[in-house]
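Before any comments, here is the structure.
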Amino acid sequence: AQSVTQLGSHVSVSEGALVLLRCNYSSSVPPYLFWYVQYPNQGLQLLLKYTSAATLVKGINGFEAEFKKSETSFHLTKPSAHMSDAAEYFCAVSVKAAGNKLTFGGGTRVLVKP
Amino acid sequence: EPEVTQTPSHQVTQMGQEVILRCVPISNHLYFYWYRQILGQKVEFLVSFYNNEISEKSEIFDDQFSVERPDGSNFTLKIRSTKLEDSAMYFCASSEMDPGASYTFGSGTRLTIV
């Protein structure tokens, strides 16, 4: 079975600073990896995904993530935080199987300080 | 951009009563899902549905739960004999068939059992 671990349930960054959210996965077969963002009282919005093409994936809102198989990681970064980035971020994994079930990490809540 | 629509957005139900949560997935998607998020916890997989039958379900999805696609557009989650611990945000999602296909999530139904 697959699993995802997000290091740090809360991250605080200053506006304009680097955002780094850590995600490590466990899977016995090649994974598909996703980052979702959840704004308060809203659903889950896809930021980006890795599906075995380029290991550096660019997403919406200036975010990107790099798949590192040797480290079983898929960390999310943004060079310069904006106040609108305050939200909860979820890393998720699925594998090629019937149903394409997503397994989520525990989430990281990002606070952006002015 | 196509959306997954969930109704109602909020539902308050007395313990022991039955509740039906409704979803309209994206029309050309083939996989449908229900996830839940208990307040402060991670998003958990409940069930996936493909070709008019359940393709996978979690251990959470016991006999208390059922899903149905009563017509060509709606996808419902029924919870019988609700318990206090069923209080959560319930998300519907749909995806295309391709492995690694992105999900589109609805905005969720906040279910409160009193």
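The sequence lines fix the lettering, A, B, ..., with proteins before strands; numbering per chain opens at 1.
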Cut-off 3.5 Å, side chains only: do A:Lys101 and B:Ser48 have a donor facing an acceptor? no

Examine B:Phe65 and B:Ile113 and state if one hydrophobic cluster contains both, with Ile, Leu, Val, Met, Phe, Trp and Tyr joined whenever side-chain heavy atoms are less than 4.5 Å apart. yes

About how many Å separate NZ of B:Lys42 and OG of A:Ser9, when rounded to the nearest 0.5 Å? 12.5 Å

With a sphere of 6.0 Å drawn around CD of B:Glu3, does it hold more than 12 non-hydrogen atoms of other residues, nucleotides or ligands? no

With a 4.5 angstrom heavy-atom cut-off, is it the side chain or the backbone of A:Gln38 that approaches chain B, or both, or neither? side chain

Does A:Tyr36 use its side chain to pair, donor to acceptor, with the backbone of B:Phe105 at less than 3.5 Å? no

Hphob cluster co-occupancy, A:Val93 + A:Phe104, side-chain heavy atoms under 4.5 angstrom: no

Can you check side-chain contact (heavy atoms from CB on, under 4.5 Å) on B:Tyr103 and A:Leu46, steps first, answer last? CA-CA 8 Å; B:Tyr103 282 36; A:Leu46 179 70; over 6 Å; no

Against chain A, work out which of B:Ala93, B:Ser107, B:Gly106, B:Ser58 has the most heavy-atom pairs shorter than 4.5 Å and name it. B:Ser107

Using non-hydrogen atoms and a 4.5 Å limit, figure out which bit of A:Leu44 sits close to chain B: side chain, backbone, both or neither. both

I'd like to know whether CD of B:Gln14 has more than 12 heavy-atom contacts from other residues, nucleotides or ligands below 6.0 angstrom. no

Would you say A:Leu76 and A:Phe74 are hydrophobically clustered, going by side-chain heavy atoms of ILVMFWY under 4.5 Å? yes

Region of B:Gln37 that comes under 4.5 Å of a non-hydrogen atom in chain A: side chain

Can you tell me if B:Asn28 has over 12 outside heavy atoms packed within less than 6.0 Å of its CG? yes

Heavy-atom cut-off 4.5 Å, strictly under: side chain, backbone, both or neither for B:Phe91 against chain A? side chain

Taken to the nearest 0.5 Å, the spacing of B:Ser102 OG from A:Gln45 CD works out to 12.0 Å

Single-linkage hydrophobic cluster B:Ile54~B:Ile20, side-chain heavy atoms < 4.5 angstrom: no

Heavy atoms, side chains only, cut-off 4.5 Å: are A:Leu102 and B:Phe45 in contact? no

Is there a path of hydrophobic side-chain contacts, each under 4.5 Å between heavy atoms of I/L/V/M/F/W/Y residues, joining B:Val24 to B:Tyr35? no

